[in-house]
Amino acid sequence: MIEIGLTGFGDHPELYGKIKAPERLPTYSEHFPIVEIDSSFYAVQPVKNVTKWVEQTPDHFGFVFKAYQGMTGHLRGKKNYFDTKEEMFQAFHVSLQPAIDAGKLRMALFQYPPWFECNRDNVDTLRETRELMGDIPCALEFRNQTWYMPEFREKTLDFMRKEDWIHTIVDEPQAGMGSIPIITAATSKQATYVRMHGRNVDGWHKSSDPNWRKLRYLYKYNTEELTEWRDRLLEIQNQSEHVYVVFNNNSAGDATPNAKELIEMLADQNVLSEKHDIGSSSS
């Protein structure tokens with residue numbers, strides 16, 4: 001079955017207007033059955049935060065937690081607040097526990113940086129990371145094209161199947177080595193993760209711009225593009241029991257209407273999770 005949501009729950013005023021921050025997640029959960037938590041990338045979240053989020057959402061709701069940046073090699077000289085790798089991973093495990101106990105953890109997302117290329121050392125890093133995560137479902141997202149070059153593509157997918165990684169399929173600008181193509185292949189029979197980043201080629205690599213992060217995800221999918229994704233999702237859901245889709249193109253508030261339009265497109269295909277309130281998909 002397919003579930004569709006957004007990245008983050010705190011920055012979608014088109015859903016809840018000007019209501020205060022503590023009320024946003026409960027309102028968000030009335031519209032979508034899943035959310036990706038990206039604050040966990042910047043800091044391992046305190047247990048009290050995760051406990052609060054679990055308590056604020058319906059029983060059927062699900063969370064994807066983005067792995068802390070120190071776990072995916074993003075720090076590059078910035079301070080890591082953990083003394084050892086084991087301590088860092090253990091803290092992440094502890095932070096996820098309330099969601100695990102409530103049956104609301106769908107997966108942890110490990111998104112690696114553009115400089116994380118396909119080589120033996122990085123393959124070893126992925127193998128070690130998967131071992132440290134134990135039985136927690138883990139999704140893997142690359143941002144370096146070498147993993148999907150013709151000579152490595154099938155080896156990459158086979159490795160992910162063998163090591164029990166959930167494949168993260170992305171829609172993003174095709175902007176050189178620091179972006180990856182759409183590869184509609186599942187590596188887990190249980191789950192596949194799809195992230196919709198938009199297609200703003202010009203903004204993808206403008207890291208020198210003070211508004212770079214906003215420019216990067218400034219994009220609105222048109223109906224033709226979403227129709228193509230409807231067809232892809234129908235293909236992917238034959239390969240995995242659960243397909244989770246999140247829209248990350250939220251710089252101008254486009255993620256919500258795009259997500260709801262895609263929900264409407266799938267409403268008559270008998271593939272959407274019953275957790276979706278189809279009647280409110282266009283609200």
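The figures that follow rest on heavy atoms only: side chains count, while hydrogens, waters and symmetry mates do not. Just so you know, residue 1 is the first one in the sequence shown, and it goes up from there.
Considering only heavy atoms from C-beta on, L272 stays 4.5 Å or farther from M1 through its side chain. Contact annotation: the side chain of Q111 approaches that of R195 to within less than 4.5 Å [non-hydrogen atoms, C-beta and beyond]. Between T192 and Q239, every side-chain heavy-atom pair lies at or beyond the 4.5 Å cut-off. With a 4.5 Å cut-off on side-chain heavy atoms, N250 and D11 count as touching. Between L266 and I2 the shortest side-chain heavy-atom distance falls below 4.5 Å. Side-chain contact between V243 and L233: present, with at least one pair of heavy atoms (C-beta onward) separated by less than 4.5 Å. The shortest distance between side-chain heavy atoms of M196 and V245 falls below 4.5 Å. With a 4.5 Å cut-off on side-chain heavy atoms, H93 and I136 count as touching.
Side-chain atoms of E261 never come within 3.5 Å of backbone atoms of P257 as a donor-acceptor pair (strictly under, hydrogens ignored). Between the side chain of Q190 and the main chain of E241, no donor-acceptor pair closer than 3.5 Å is present.
Test M133, K66, K85 against M71 for side chain to side chain contact (heavy atoms under 4.5 Å, CB included) and you get one pass: M133. Of the residues listed (N249, D254, D171, N258), the one engaging Y221 in a side chain to side chain donor-acceptor pair (under 3.5 Å) is D171, and it is the only one. Paired with W147 under the rule ring pair (Phe, Tyr, Trp, His ring centres under 6.0 Å), one option of F142, F159, W165 passes, and it is F142.
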Problem set entry | Evaluation steps, side chain to side chain contact (heavy atoms under 4.5 Å, CB included), between N80 and Y68 | CA-CA 10 Å; N80 189 332; Y68 171 57; 3.8 Å; yes
For this session: Carefully, step by step, assess Q269 and L234 under the rule side chain to side chain contact (heavy atoms under 4.5 Å, CB included).
Result: CA-CA 8 Å; Q269 298 292 324; L234 292 174; 3.8 Å; yes
Problem set entry | Working for side chain to side chain contact (heavy atoms under 4.5 Å, CB included), residues T187 and K162 | CA-CA 9 Å; T187 59; K162 181 180 178 182; over 6 Å; no
Exercise. How far apart are the C-alpha atoms of Y28 and T57, what are their side-chain angles, what is the distance that settles it, and do they pass the side chain to side chain contact (heavy atoms under 4.5 Å, CB included) test?
Worked result: CA-CA 9 Å; Y28 173 96; T57 49; over 6 Å; no
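Under a cutoff of 6.0 Å and an axis angle of 45°, R76 and W115 form a cation-pi pair. A cation-pi arrangement, defined by a distance under 6.0 Å to the six-membered ring centre and an angle within 45 degrees of its axis, is present between K260 and F32.
Taking the six-membered ring for Trp and the full ring otherwise, H74 and F41 have centroids separated by under 6.0 Å. Ring centroids of F152 and Y148 are separated by 6.0 Å or more, keeping the two rings apart.
There is no path of hydrophobic side-chain contacts, each under 4.5 Å, that joins V246 to L25.
The structure places CD of Q56 at 9.5 Å from CD of E23, a figure rounded to the nearest 0.5 Å.
Remark: N119 CG is packed, more than 12 non-hydrogen atoms of other residues, nucleotides or ligands lying under 6.0 Å away. In this structure, K275 places its NZ atom where more than 12 heavy-atom neighbours from other residues, nucleotides or ligands lie under 6.0 Å away.
A pairwise comparison of heavy atoms in E235 and T184 identifies OE2-OG1, 3.6 Å as the closest pair. C118 approaches T146 most closely through the heavy-atom pair N-OG1, 2.9 Å. For A259 against L6, the heavy-atom pair with the smallest separation is CB-CD2, 3.8 Å.
Classification of D124 and R127 as a salt-bridged pair holds, one side-chain N sitting under 4.0 Å from a carboxylate O.
In this pair, F110 and Y112 present their aromatic rings parallel. The plane angle is below 30°, not in the 30 to 60° band.
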